[in-house]
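Read through the structure below, which is laid out as structure tokens, and then see the notes.
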Amino acid sequence: MSQTPSPKLLPVVLPSRGSSPECPWLDNKGEFLVHKILTVLDRMEPMEEIPDDCFLPLPPIDFTHNMSLGAAAAIVDKVARKTIRLYSKKCHQLGHTQKDCSELLHLLHQLRQWVAPCLTDTWEYKEVTEPILEQLRQQRQTAPNPGNTACARHSIWAATTHYYRQVARLTSLMFKQHLMN
């Protein structure tokens with residue numbers, strides 16, 4: 001007597017609770033993009049000698065643990081938008097290769113696209129993004145030793161890298177918070 005093979009049970013794959021069709025930023029690709037940006041920025045670190053008075057104090061962004069997903073996304077979007085504007089204009093002047101500039105800008109645009117669905121009303125997030133914009137303005141105004149090109153390159157790179165480390169921290173925080181909900 002021939003037996004009909006029993007149907008194989010396929011595992012059910014459910015989307016992770018950290019991702020959603022409305023906000024893809026909090027899936028693994030969002031974290032991957034932020035870390036890829038940091039990897040490119042690490043490659044772009046200026047190697048020239050710089051004077052000791054060249055270092056800027058870089059305060060951390062104050063994230064609250066109960067920040068809404070939209071507010072966190074607004075911060076990431078604002079930092080990405082400002083970085084795109086800066087590096088679109090000055091990447092080659094800062095001594096970076098075409099490959100690094102193109103890769104960085106491509107990743108930043110991807111990150112903005114990934115975060116965009118998470119933004120519901122950007123006016124609502126002005127109070128969380130305004131302090132970051134103010135920090136960026138102050139850093140430009142207080143850049144040490146503006147006549148030293150190596151110092152300027154290093155200051156821009158250090159500030160950009162600093163903000164993306166903060167973005168990575170925020171992404172991780174929001175991912176964990178979303179998983180716990």
| query | Going by heavy atoms in the side chains, are Leu111 and Tyr164 under 4.5 Å from each other? | reply |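 Heavy-atom side-chain distance check passes, below 4.5 Å.
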| field | Set of side chain to side chain contact (heavy atoms under 4.5 Å, CB included) partners for Ser172, sequence neighbours left out | value |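 Counting only residues at least two positions away or on another chain, Ser172 forms a side chain to side chain contact (heavy atoms under 4.5 Å, CB included) with Glu31, Lys176.
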Could you state the interatomic distance from [atom1] ([X]) to [atom2] ([Y]), rounded to the nearest 0.5 Å?
X: Asp42; Y: His35; atom1: CG; atom2: NE2; result: 11.5 Å
X: Phe32; Y: Leu107; atom1: CZ; atom2: CG; result: 8.0 Å
X: Leu108; Y: Lys82; atom1: CG; atom2: NZ; result: 14.0 Å
X: Thr39; Y: Leu104; atom1: OG1; atom2: CG; result: 11.5 Å
X: Arg165; Y: Leu38; atom1: CZ; atom2: CG; result: 6.5 Å
X: Thr129; Y: Asp77; atom1: OG1; atom2: CG; result: 9.5 Å

| task | Can you tell me which residue pairs pass the salt bridge (charged side-chain N to carboxylate O under 4.0 Å, His left out) test with a partner in residues 89-105, sequence neighbours excluded? | result | Lys36-Glu103, Arg43-Asp100, Arg43-Glu103
Check [X] against [Y] and note the closest heavy-atom contact, atom names and distance.
X: Tyr87; Y: Met44; result: CE2-CE, 3.9 Å
X: Gln166; Y: Arg169; result: OE1-NH1, 3.0 Å
X: Arg112; Y: Ala80; result: CG-CB, 3.5 Å
X: Gly70; Y: Leu119; result: O-CD2, 3.8 Å

| request: Show your working on side-chain contact (heavy atoms from CB on, under 4.5 Å) between Thr83 and Tyr163 and close with a plain yes or no. | output: CA-CA 10 Å; Thr83 308; Tyr163 279 106; over 6 Å; no
